[in-house]
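Worksheet: one structure, shown below.
Atoms considered below: every heavy atom in the structure, side chains included; atoms not considered: hydrogens, waters and symmetry mates.
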Amino acid sequence: MGLLMTSVIALTACAGDNPDNVPLYGEWEMTTKIKSLTVDGRPIPVSSMPQQVRDLAGTEKQCGEPMFIDKDWQENDIISRISGSCTFDQYDVTDTFVSGRGRCQTSAMQVDFEPIVGFSVSQSETAYQLEVIMEGSADVPGGNGSRYVKAVAVQDGKRLGDC
């Protein structure tokens, strides 16, 4: 579940715009929502989600450039937010859409979780919507055994102007 941190995308802080990248360099506002969390097919209400998961929802502003065109940037962004590693074996980029699929390994929140992670990004120069889906078996401590966990998070990004 700690992998939900992938839903909060950091912006590169390089000076200037990358002309090969669709979103423009500037001040961005990102709003993240936990769309759903299910365990063994049962929805978990937001009020029952671990605090670490609930803390992912919110709005932030940053100066930079979302670099969805760069597979390494995306993998490093995820790795920087989890206690583990991720690798994408599929990564497709067009001017309006980016998608990827891979596998992660983590032991966040005392839960061993090796989910399949998939994401899709609809993008333009001034806005994007990122959806991240993680699903797989998680070994829950305390004798609860293995559970099937699926988490979906959405982030909307909007360019506000120049930095």
Exercise. Indicate the atoms forming the closest heavy-atom contact of Thr94 with Val98, along with that distance.
Key: O-CG2, 4.5 Å

Quiz item: Which heavy atom in Cys163 sits nearest to a heavy atom in Tyr25, and how many Å separate them?
Solution: SG-CE2, 3.9 Å

Self-check item: Minimum side-chain heavy-atom gap Arg101-Ile116 below 4.5 Å
Solution: yes

Quiz item: Under 4.5 Å between any side-chain heavy atoms of Ile34 and Ser36, yes or no?
Solution: no

Quiz item: Would you find more than 12 non-hydrogen atoms of other residues, nucleotides or ligands less than 6.0 Å from Asp95 atom CG?
Solution: no

Quiz prompt | Which residues share a side chain to side chain donor-acceptor pair (under 3.5 Å) with Gln129, sequence neighbours left out | solution = Asp156

Quiz item: What about Val39 and Val46, same hydrophobic cluster or not, with Ile/Leu/Val/Met/Phe/Trp/Tyr joined at side-chain heavy-atom distances under 4.5 Å?
Solution: yes

Quiz item: Can you check side-chain contact (heavy atoms from CB on, under 4.5 Å) on Tyr128 and Ser122, steps first, answer last?
Solution: CA-CA 5 Å; Tyr128 69 84; Ser122 298; over 6 Å; no

Self-check item: Closest contact, heavy atoms only, Thr32 versus Gln155
Solution: OG1-NE2, 2.9 Å

Quiz prompt | Lys158: salt bridge (charged side-chain N to carboxylate O under 4.0 Å, His left out) partners, not counting sequence neighbours | solution = none

Quiz item: Looking at CG of Asp92 and NZ of Lys71, how far apart are the two atoms once the value is rounded to the nearest 0.5 Å?
Solution: 10.5 Å

Self-check item: Taking every non-hydrogen atom, the tightest pair across Phe68 and Val93
Solution: O-CG2, 4.4 Å

Practice problem: Can you measure from CD (Glu114) to SG (Cys86) and round to the nearest 0.5 angstrom? | Solution: 11.0 Å

Quiz item: Who are the side chain to side chain donor-acceptor pair (under 3.5 Å) partners of Asp162, not counting sequence neighbours?
Solution: Arg159

Self-check item: Connected via hydrophobic side-chain network under 4.5 Å: Val121 and Val22
Solution: no

Quiz item: So do the side chains of Pro115 and Glu135 get within less than 4.5 Å of each other, counting heavy atoms only?
Solution: no

Practice problem: Report yes if the distance between the aromatic ring centroids of Tyr91 and Phe119 is under 6.0 Å, otherwise no. | Solution: yes

Exercise. Quick one: pull up CD in Glu27 and NZ in Lys61 and give me the separation to the nearest 0.5 Å.
Key: 5.5 Å

Self-check item: Derivation and outcome, side-chain contact (heavy atoms from CB on, under 4.5 Å), residues Met30 and Gln62
Solution: CA-CA 8 Å; Met30 293 86 52; Gln62 289 185 12; 4.0 Å; yes

Quiz item: Which heavy atom of Ala138 sits nearest a heavy atom of Val149, and at what distance?
Solution: CB-CG2, 3.8 Å

Quiz item: Side-chain contact, heavy-atom cut-off 4.5 Å: Ile69 with Asp20?
Solution: yes

Quiz item: Taking atom OG of Ser120 and atom CD of Glu131, what is their separation to the nearest 0.5 Å?
Solution: 5.0 Å

Quiz item: Say you draw a straight line from CZ of Arg147 to OG1 of Thr38; how long is it, rounded to the nearest 0.5 Å?
Solution: 13.0 Å

Self-check item: Hydrophobic cluster identity match, Trp73 and Leu130, side-chain contacts under 4.5 Å
Solution: yes

Practice problem: Can you see which heavy atom on Cys104 is nearest to which on Val117, and at what distance? | Solution: SG-CG1, 3.6 Å

Quiz item: So do the side chains of Cys63 and Trp28 get within less than 4.5 Å of each other, counting heavy atoms only?
Solution: no

Exercise. Would you mind reporting whether Glu65 and Asn18 have side-chain heavy atoms less than 4.5 Å apart?
Key: yes

Quiz prompt | From Leu37 atom CG to Ile44 atom CD1, the distance as rounded to the nearest 0.5 Å | solution = 5.5 Å

